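Below, read A as the first sequence line, B as the second, and so on, with proteins coming before strands; counting in each chain starts at 1. These numbers come from a predicted model, not from an experiment.
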2 protein chains.
Amino acid sequence: MASLDRSLIAGLSAFQDLTAKELDTIIGRARSKRIARNAFLFEEEQEAHSFFLLLDGHVRVVKSTPDGHEVTVRYISPGELMGIALALGRTTYPASAIAVVDCVSLAWPSHQWPTFAEEFPAFVANAYKTIGSRLQDAHSRVIEMSTEQVDQRVAHALLKLVDQTGKKTGEGFLIDFPLSRQNIAEMTGTTLHTVSRLLSCWEGKGLVKSGRQKVTVLAPHRLLELAEGRAEKS
Amino acid sequence: MASLDRSLIAGLSAFQDLTAKELDTIIGRARSKRIARNAFLFEEEQEAHSFFLLLDGHVRVVKSTPDGHEVTVRYISPGELMGIALALGRTTYPASAIAVVDCVSLAWPSHQWPTFAEEFPAFVANAYKTIGSRLQDAHSRVIEMSTEQVDQRVAHALLKLVDQTGKKTGEGFLIDFPLSRQNIAEMTGTTLHTVSRLLSCWEGKGLVKSGRQKVTVLAPHRLLELAEGRAEKS
DNA sequence: CGAATTGTTTGCGCCCCGACAAACAAGCGC
DNA sequence: GCGCTTGTTTGTCGGGGCGCAAACAATTCG
């Protein structure tokens, strides 16, 4: 395997405030890994052997309920940390991570976490900042689920994805990984049927354009109005 | 004001692994404060001037939506930290905290947080453990909201409160602070009307007993069956 | 002690949205 | 190319639960 270069991780928020030398050390201890589409990076309840940084691709994080429902917790984009269960004081992963496209990630053995904490306090500080912002995300989700209708939640979810990974095209903003109606349903607590109906309706109004596992948002502003309940019910 | 004694905080999980001397130092920098019922400890979006430890009473943490809905994020019991916004890298409080009964709390000025981090690494480590467990709570909430019916969510909410602050009485487990139908509705994303109907129904079946701002769970086991969807629909 | 405030109960109607079902379309492997 | 799998669309039906409204009960306060 070609040796890894610190340029891979320099500039990422997870490695803010670290010196070049520290970056070299950190990346020297990483293994790089390719993950095929639809493969698991790690699974819920498994021993948390490693923590990860996504270099390329997109990862879906899901939790399963005893009765077979799957709920998508979040999508991970390149540059984000994953599987930092141990920072939460856990020894097992709280959720599963699935590659939605072919991915590349870095992985460090979990037993290095305490060492990292001593040697690179800035790194763990950043990791905690990540956890903090995910806590806030989770609270927003709870509030959305508590107070909004399905159409608003779906609109919010699409806008979030556009923000995170939207790719400007001639027509609008393409969410540039395979995203099915079922996936959207699992993000918003509804069924694929309802999502399908909503997208069809919105396509009719020129808000979005969607195909098989593909969604393009044409009019983010109007979708935002809808998400915030400021839209006319026509 | 009488000086504070470390016995107030020794033994709390937030101060695990700290020496008696460290506890003395920490408590020496705290202000103690009484908060009257229904008063705010802090408010959403305000400058986060202090962080708190609840010594006595119960606190409700709520977030408000632009359109006037209130969502209860969690109830705080004695011994828990509150308002640790800065640990999340925030400078303002993400939510409001209201005393549901007369309360006593300790408060430290936020600007001492960095000092604490240096002097008492065990303390911040514990604080992060708290945040981690709240992240998991929040994710459970999201999953409940996504997959469960209203009756299951209300059942879960009651059971959680019983776990947290249930007081064994002759009949069952009393949630020992004022808790209205509206409060329960704000925890579970429904309306006070629906909660009222549910409690009436459950009272008829002998599962709970409830009065004005008062709920006693008589049969936790049967309520748990209901919460997990294993109950007969009679 | 009466009036005002706050919390609870209950009825009714409607609508969002989930359940079920069936047909269709697109990609994938052989 | 042909079947098989996977994803999407659309219809119908029914019910859970919310909005609205009104009456009632418990507390508080003057």
Side-chain angles (χ1 to χ4, degrees), chain A residues 36-38 60 65 67-72 98 100-102 144-155 157 175 177-204 208-216 226 229 231 233-234, chain B residues 36-38 60 67-72 98 100-101 144-155 157 175 177-204 208-216 226 229 231 233-234:
Chain A
R37 179 172 178 189
N38 291 329
R60 180 160 44 97
T65 65
D67 56 317
H69 279 101
E70 303 228 312
V71 177
T72 297
I98 305 171
V100 295
V101 293
D102 291 347
E144 282 180 22
M145 298 292 304
S146 300
T147 63
E148 297 179 354
Q149 310 263 45
V150 169
D151 57 347
Q152 295 177 276
R153 301 204 303 266
V154 172
I175 295 168
F177 54 81
L179 181 73
S180 71
R181 309 289 184 265
Q182 175 70 31
N183 294 150
I184 298 175
E186 287 173 2
M187 298 179 67
T188 51
T190 180
T191 61
L192 77 160
H193 308 277
T194 299
V195 173
S196 176
R197 274 181 248 270
L198 278 174
L199 289 186
S200 295
C201 167
W202 292 346
E203 187 142 7
V208 304
K209 190 152 165 295
S210 72
R212 187 188 175 81
Q213 303 198 90
K214 214 178 57 174
V215 180
T216 305
L226 213 157
K233 290 282 176 196
S234 65
Chain B
R37 180 171 176 188
N38 291 330
R60 180 160 43 99
D67 56 316
H69 279 101
E70 302 228 314
V71 177
T72 297
I98 305 171
V100 295
V101 293
E144 282 180 23
M145 297 293 305
S146 300
T147 62
E148 297 180 355
Q149 309 265 44
V150 170
D151 57 347
Q152 296 178 276
R153 302 204 302 267
V154 172
I175 295 169
F177 55 79
L179 181 73
S180 71
R181 310 290 184 264
Q182 175 69 32
N183 293 150
I184 298 175
E186 286 175 2
M187 299 178 67
T188 51
T190 181
T191 61
L192 77 162
H193 309 277
T194 300
V195 173
S196 176
R197 274 181 251 269
L198 278 174
L199 289 186
S200 295
C201 166
W202 291 346
E203 186 142 7
V208 305
K209 190 153 164 294
S210 74
R212 189 189 174 80
Q213 302 198 93
K214 216 179 55 173
V215 179
T216 305
L226 213 156
K233 290 281 176 196
S234 65

Item checked: Residue A/Ser210, side-chain atoms from C-beta onward, closest of D/dC18, D/dT9, D/dG7 ->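 Nearest nucleotide to the side chain: D/dT9.
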Check: Of all the choices, C/dT10, C/dC17, D/dT8, which nucleotide is nearest to the side chain of A/Arg181 once you look at every atom?
Finding: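 When the side chain of A/Arg181 is considered, D/dT8 is the closest of C/dT10, C/dC17, D/dT8.
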Expressed in angstrom and rounded to an integer, what is the separation of [X] atom [atom1] from [N] atom [atom2]?
X	N	atom1	atom2	answer
B/His69	D/dC18	NE2	C1'	10 Å
A/Gln149	D/dG19	CD	C1'	12 Å
A/Arg153	C/dC16	CZ	P	14 Å
A/Gln182	D/dT5	CD	P	19 Å
B/Gln213	C/dT6	CD	P	12 Å
A/Leu199	C/dC17	CG	C1'	15 Å
B/Glu203	C/dT9	CD	P	8 Å
B/Glu148	C/dG18	CD	P	15 Å

Note to self: side chain to side chain donor-acceptor pair (under 3.5 Å) for B/Arg181 and B/Ser210? Distances and angles first, verdict last.
What the structure shows: CA-CA 10 Å; B/Arg181 310 290 184 264; B/Ser210 74; 2.9 Å; yes
Looking only at heavy atoms, which two atoms of [X] and [Y] are closest? And how far apart?
X	Y	value
B/Trp202	B/Leu226	NE1-CD1, 3.5 Å
B/Ala157	B/Met187	CB-CE, 4.2 Å
B/Val100	B/Arg37	O-NE, 3.4 Å
A/Leu192	A/Ala185	N-CB, 3.6 Å
B/Thr147	A/Val71	CG2-CG2, 3.7 Å

Short side-chain to backbone donor-acceptor contact, [X] and [Y], under 3.5 Å:
X	Y	answer
A/Thr188	A/Ile184	yes
B/Thr194	B/Thr190	no
A/Glu148	A/Met145	no

Taking only the side-chain nitrogens and oxygens of [X], find out if one of them lies under 4.0 Å from OP1 or OP2 of [N].
X	N	value
B/Thr190	D/dG17	no
B/Ser200	C/dT8	no
A/Thr194	C/dG18	yes

Answer with base, sugar-phosphate or nothing: what part of the nucleic acid does [X] contact at a heavy-atom distance below 4.0 Å?
X	result
A/Ser196	base
A/Ser180	sugar-phosphate
B/Leu192	base

Margin query: Restricting to side-chain hydrogen bond (donor to acceptor under 3.5 Å, both in side chains), what partner residues turn up for A/Ser180, sequence neighbours left out?
Written below: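 A/Ser180: side-chain hydrogen bond (donor to acceptor under 3.5 Å, both in side chains) contacts with A/Asn183.
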Next item on the list: Could you run through nucleotides 20-30 of chain D and give me one letter per nucleotide, 5' to 3': B if any protein heavy atom sits under 4.0 Å from the base, S if only the sugar-phosphate is that close, - if neither?
Entry: BB----B----
Note to self: Using five pairs at each end of the helix from C/dC1-D/dG30 to C/dC30-D/dG1 to define an axis, what is the angle between those two axes, to 10°?
What the structure shows: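 Roughly 40°, once rounded to the nearest ten degrees.
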